[in-house]
There are 2 protein chains.
Amino acid sequence: MLTSQRKALILDRLRRDGQVIAKALADDLSLSEDTIRRDLREMAAEKLLKRVHGGALPLSPDLPDFSARQAVSSEEKRRLGAFAAGMIKSGQTAFLDGGTTNAEIARRLPKDLAVTIVTHSPTITGELEHHPVAEVILIGGKLYKHSMVATGAAAMAAIASIRADIFFLGVTAIHPAHGFSTGDFEEAAIKRHIAQCSAETYVLATAEKLDAASPCQILPIKGVSGLIVPSDIPEERLAPYRNAGVPIFLA
Amino acid sequence: MLTSQRKALILDRLRRDGQVIAKALADDLSLSEDTIRRDLREMAAEKLLKRVHGGALPLSPDLPDFSARQAVSSEEKRRLGAFAAGMIKSGQTAFLDGGTTNAEIARRLPKDLAVTIVTHSPTITGELEHHPVAEVILIGGKLYKHSMVATGAAAMAAIASIRADIFFLGVTAIHPAHGFSTGDFEEAAIKRHIAQCSAETYVLATAEKLDAASPCQILPIKGVSGLIVPSDIPEERLAPYRNAGVPIFLA
DNA sequence: CATATTCGTGCAAATTCCTGCAGGAAGCAG
DNA sequence: CTGCTTCCTGCAGGAATTTGCACGAATATG
């Protein structure tokens, strides 16, 4: 990765998140923290950002409350996203479902990872616009505006021509008995189809989705390869899922 | 391989990938890095690209800064967008090409207009996310990151199944003799294909696009149904286009 | 105050860049 | 055909840049 690209990326992330953390940046870019710190120092000298202990902040904090809220509110999802991104190996093909949690995977995708990302969500493609090496395949179809994903026969056909190594499924509810579910029948069918076309399927779930059910089941609990949850969920809430036979990963 | 071919290829790859790495280029073309570097040096002198340590970048990398892009679009593009949006009748199917000007059409689309919007640009779909009644069809395919549109065989096939009443074509340059052109061969082919699948094709053009030419022609001047330009362009600049036989609309 | 990060600097290794030069191919005049 | 010029290409080697590591200083946290 080129130095100037790296600096542009830092600025980009600064605008988006309202902050950058040196260590996280080094992890994502697979570089030493020293290099990142050097960049931050130089950019601070160019008046492009403000250097602070641990990272950097935008020079003119536009809407400081907004960026602060952004920074704290999605901490849980960010951890899930980073964990999931780490599961994707170089050269693989990953299918990303729509939703804010999966958008976080796209954001946390290491910038030097040469992978193929398939998605039926235009929102996800936006997150990958500035990824230096990832190839992005967009599945087309009739757009469901509510969740901003392509659906319908055209989408089903396009998905059938894809064979993904790993699929990150987005759901609205998870229940030990009722499995993974969502609110729309058509969407559930699409998601099920994607899972069938993928070697492995994983679900990212924040705490509030557990022990809930939505009208349309996508898959039973045992129908996925694993469930990824925040590490601070108490073990007793996870027990029913472990008993149902799904591997659980703590992020 | 001829030097000029090589340089054209470098520009092409720059447009496609948003970056060029000297070493990788030398490997791919089986040439010494010195030769590549010499090319890059010369092209930088010709203001065709920006030289950076390790390779080169496009001269004006797409400004991810939303406010900056918004500022560029400004008054002129808004007028064009509103005029074009007014040409779409209730019940019709309109195909919107990518680009900031066409995004303006999507933004200006009357909220009570029940139409079907087809596009291969995920950016455009984002503009339509909150439209109450418009049905949105997304064309999928391999994503070209620099212009954020779906391309390739899958996109071509999906387009072939669509029959649009009106197509708003985005171009980078317009010339009386060389017609409508853009910088990428693949993109030009896609745009031409969409035009063939549409009953009418219109081009929105701000002043700076007139009397310029890019490498790849999409259509000749007479190949479109009309050209929509800002009303403050002097008549003498429009005369060559009128003579070429294309109807002109002032917005 | 103690501990753990984070920071800055010096330094060495690796990579990339530039300059000058030589060999070879293409074009051209004699 | 020969000799000349011109252009392109690769190579050598020295300069410049970048990167990671080590170690002591500075800063945050409890």
Side-chain angles (χ1 to χ4, degrees), chain A residues 1-14 17-59 61 64 67-68 71-72 75 78-79 82-83 86 90 108 110-114 130 132-133 231-232 251, chain B residues 1-14 17-59 61:
Chain A
M1 153 158 267
L2 304 174
T3 306
S4 44
Q5 275 188 311
R6 203 173 52 226
K7 291 190 179 177
L9 186 135
I10 291 175
L11 279 184
D12 205 42
R13 190 175 285 208
L14 211 50
D17 298 346
Q19 64 168 167
V20 286
I21 294 171
K23 182 161 172 44
L25 219 41
D27 280 352
D28 283 1
L29 303 179
S30 308
L31 288 168
S32 77
E33 293 179 41
D34 300 71
T35 303
I36 299 299
R37 268 195 280 272
R38 244 184 300 250
D39 287 344
L40 295 182
R41 230 175 301 164
E42 291 167 15
M43 292 167 77
E46 295 170 39
K47 307 274 188 237
L48 291 173
L49 49 75
K50 180 174 163 221
R51 193 94 170 67
V52 297
H53 196 91
L57 295 173
L59 205 54
S67 38
V72 293
E75 170 57 28
R78 263 190 230 190
R79 281 214 316 276
F83 184 90
S90 177
R108 303 296 153 203
K111 299 304 177 193
D112 60 342
L113 196 63
H130 298 109
V133 293
S231 54
D232 52 5
Chain B
M1 160 163 269
L2 299 175
T3 306
S4 50
Q5 280 183 305
R6 207 171 49 227
K7 290 189 178 178
L9 188 140
I10 290 175
L11 277 185
D12 198 48
R13 193 175 284 212
L14 209 51
D17 300 342
Q19 69 168 152
V20 162
I21 292 173
K23 182 163 172 41
L25 216 44
D27 282 351
D28 286 1
L29 302 179
S30 305
L31 288 168
S32 77
E33 293 180 41
D34 300 69
T35 302
I36 299 299
R37 268 194 280 273
R38 247 183 297 250
D39 288 343
L40 295 182
R41 226 178 304 165
E42 292 166 14
M43 292 167 78
E46 295 170 40
K47 306 272 189 244
L48 291 173
L49 48 76
K50 179 173 161 225
R51 193 96 169 69
V52 298
H53 195 93
L57 296 172
L59 203 54

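Scope of the values below: all heavy atoms of this structure, side chains included, with no hydrogens, waters or symmetry mates. As the structure is a prediction and not an experimental result, all values here were calculated from the model.
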Quick one: is A:T3 getting a side-chain N or O under 4.0 Å of the D:dT19 phosphate, OP1 or OP2?
yes
Nearest 0.5 Å, what's the CG-CG distance between B:D39 and B:L11?
10.5 Å
Per atom distances to the A:D34 side chain, the nearest of C:dC17, D:dC21, C:dC7 is D:dC21
May I ask you to evaluate whether B:T35 reaches the phosphate of D:dG10, defined as a side-chain N or O under 4.0 Å from OP1 or OP2?
yes
Short side-chain N/O contact to D:dC8 OP1/OP2 from B:R6, under 4.0 Å
no
State, to the nearest 10°, the angle formed by the axis through the first five base pairs of the helix from C:dC1-D:dG30 to C:dG30-D:dC1 and the axis through its last five.
30°
Supply the atom-to-atom distance A:S4 OG to B:Q19 CD, rounded to the nearest 0.5 angstrom.
9.0 Å
Using whole Å, report how far CG of A:L29 lies from C1' of D:dT19.
14 Å
Step by step, would you call A:M43 with A:R51 a side chain to side chain contact (heavy atoms under 4.5 Å, CB included)?
CA-CA 9 Å; A:M43 292 167 77; A:R51 193 94 170 67; over 6 Å; no
Kindly compute the distance separating CG (B:L25) from CG (B:L40), expressed to the nearest 0.5 Å.
7.0 Å
Rounded to whole angstroms, how far apart are CD1 on B:I36 and P on D:dT9?
9 Å
Under 3.5 Å, which protein N or O atoms sit close to an N or O of nucleotides 3-6 of chain C? Give each pair with its distance.
unit_1, atom_1, unit_2, atom_2, d
C:dT6, O4', A:H53, NE2, 3.3
C:dT6, O3', A:G54, N, 3.2

What is the distance, to the nearest angstrom, from the CG atom on A:L25 to the P atom on C:dC7?
12 Å
Nearest-0.5 Å distance, CD of residue A:Q5 to CD1 of residue B:I21:
7.0 Å
Roughly how far, to the nearest 0.5 Å, is CG of A:L29 from CD1 of A:I36?
5.0 Å
Can you find a heavy atom in the side chain of A:R13 that is under 4.5 Å from one in the side chain of A:D28?
yes
By nearest nucleotide on DNA chain C, pick out whichever of B:R41 and A:R41 is the more 5' one.
A:R41
Nearest-Å distance for atom pair CG/C1', residues A:L2 and C:dC17
14 Å
Between A:R51 and C:dC7, does any side-chain N or O lie under 4.0 Å from OP1 or OP2?
yes
About how many Å separate CG of A:L49 and CZ of A:R41, when rounded to the nearest 0.5 Å?
12.5 Å
Suppose we screen for side-chain contact (heavy atoms from CB on, under 4.5 Å). Which residues come up paired with A:A82, at least two apart in sequence or across chains?
A:R108
Does B:R38 make a side-chain donor-acceptor contact with the base of D:dG10, cut-off 3.5 Å?
yes
In terms of the nearest nucleotide of DNA chain D, which residue is placed more toward the 5' end: A:L31 or B:S32?
B:S32
Return the value, rounded to whole Å, for the distance between atom CD of A:Q5 and atom C1' of D:dT19.
17 Å
